[in-house]
Participant: 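I'd like to ask you about the structure that follows.
Remember, it's 1-based here, ligands and their atoms both numbered in the order they're listed.
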Amino acid sequence: MNHLEDNLDGISDCFTGRAKFEIVITTHHKPDADALGSTLGLYHFLKSLGHRVSPVSPTDYATFLQWMPGNEDVINFEESEEVCSELVETADLIFCLDFNDLSRINKLGEYVKASNAVKVMIDHHREPSGFDDYRYWTINTSSTAELIYDAILKYGSLDSIDQKIATCLYSGIMTDTGSFRFDSTSSNTHRAIANLIDKGADSAEIHRRLFDNFTLNRFRFMGYVLYQKLEIIPEYNTALVYITREELKMFEAQTGDTEGFVNFGLSVKDVVFSALIVDRTVLVKMSFRSSGDFPCNEFASEYFSGGGHKNAAGGSSKDSLDLTVQKFRKLLPQYSKYLKS
Ligand code: 5GP
Ligand code: MN
């Protein structure tokens, strides 16, 4: 069922440009290509209608994302708290993309909560916390970028999609579908992609920029993880990688450098659940992926204060890395009905 909660007709002036607004667009911390692509896609669209629009990221993000059209206009809240808080306070509308709980935007969330602006959430994650006034929300769409595309078609028009918008939205859809592999890839996804290519998105170039753009260190780090760190727990068809602070230092890991590592395990025969556990300075951060029925989001929310989708979720732990890994191992037997072949 493609259940969509949509009351954007209440702000249709914003999509037609009949009235002009001061708008902030924001997305979750450490934005990935879907978060950034949907932010910048919507940014170009709203700007073309004559609104004053500011894209704000709660944190920095990976260098391999820093080429999207409009990237230079993104304001990093951590670097420019005063500017961002002012923009949020005085905005008429704040678009919140690819997240549905203000905890996902760190301290920026306090300013968003306090602002009198109308809050609009466009998102595809489970269980929105309900901070929004307007929403375009479903869990059945591949990516927030696809939702932005759908919303532009519904409330604006295909004609208003230019090459910049197309490039940003293509990037978000392509990465959140695992290059059109995941279950969430629908015929609508492919129709959207076809139209975005017609509007000038250069598919081969976008793939190159996103996937063939790593530092040598990052590549060596990947090799090290595959050779030394990927562990298979055969009785539970589970793959596990955990990474220490020393290892992050050893490979001079930058923001985004461990992205994708969680997927390696799922490419091993019979593995249905894969976990990546990384010792970040403040927290131990966890990523989960599954194929089939194992509910990553339940696992993440029940035990690691996280959430996400059935096949892709994340969470964190305030325990040490060792304790977190121990806890993870001990939990597997409880899920044996999903994990045992
Ligand atoms: P990733 O593993 O790529 O960081 O995240 C995968 C999915 O899980 C994303 O859809 C993301 O929104 C969700 N997710 C990751 N970390 C957290 C978290 O700490 N809390 C919640 N609620 N969701 C998370
Ligand atoms: Mn997304």
Participant: Leaving out waters, which are not shown anyway, how many protein N, O or S atoms lie closer than 2.8 Å to the Mn ion (ligand 2)?
Facilitator: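 With waters ignored, the protein N/O/S count below 2.8 Å is 4.
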Participant: Who else is in Leu323's hydrophobic cluster (ILVMFWY, side-chain heavy atoms under 4.5 Å, direct or via others)?
Facilitator: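 Direct or chained contacts put Leu323 with none.
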Participant: Just checking Phe64: does its CZ atom have more than 12 heavy atoms from other residues, nucleotides or ligands closer to it than 6.0 angstrom?
Facilitator: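 Yes, the 6.0 Å shell around CZ holds more than 12 heavy atoms from other groups.
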Participant: Distance under 6.0 Å and angle within 45° of the ring axis: does Lys330 meet both against Tyr303?
Facilitator: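 Because its charged atom misses either the 6.0 Å distance or the 45° angle limit, Lys330 does not stack over Tyr303.
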Participant: For the residue pair Tyr61 / Asn71, report whether a side-chain donor-acceptor contact shorter than 3.5 Å exists.
Facilitator: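 Yes.
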Participant: If you draw a 6.0 Å radius around CD in Gln228, do more than 12 non-hydrogen atoms from other residues or ligands fall strictly inside?
Facilitator: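 Atom CD in Gln228 is crowded, with more than 12 foreign heavy atoms closer than 6.0 Å.
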Participant: Rounded at 0.5 Å granularity, tell me how far SG in Cys14 sits from CG in Asp92.
Facilitator: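 One finds 9.5 Å between SG of Cys14 and CG of Asp92.
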Participant: Pairing donors with acceptors under 3.5 angstrom, does anything connect the side chains of Thr167 and Arg209?
Facilitator: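 No donor-acceptor contact under 3.5 Å links the two side chains.
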Participant: I'd like the contact residues of ligand 1, where contact means a heavy atom below 4.0 Å.
Facilitator: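 Ligand 1 pocket, heavy atoms under 4.0 Å: Arg104, His125, Lys285, Ser287, Arg289, Gly306, Gly307, Gly308, His309, Ala312, Ala313, Gly314, Gly315.
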Participant: For residues 260-273, which side-chain donor-acceptor pairs fall under 3.5 Å, sequence neighbours excluded?
Facilitator:
none

Participant: Are Arg208 and Glu205 within salt-bridge range, i.e. N to O under 4.0 Å?
Facilitator: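 Answer for the salt bridge query: yes.
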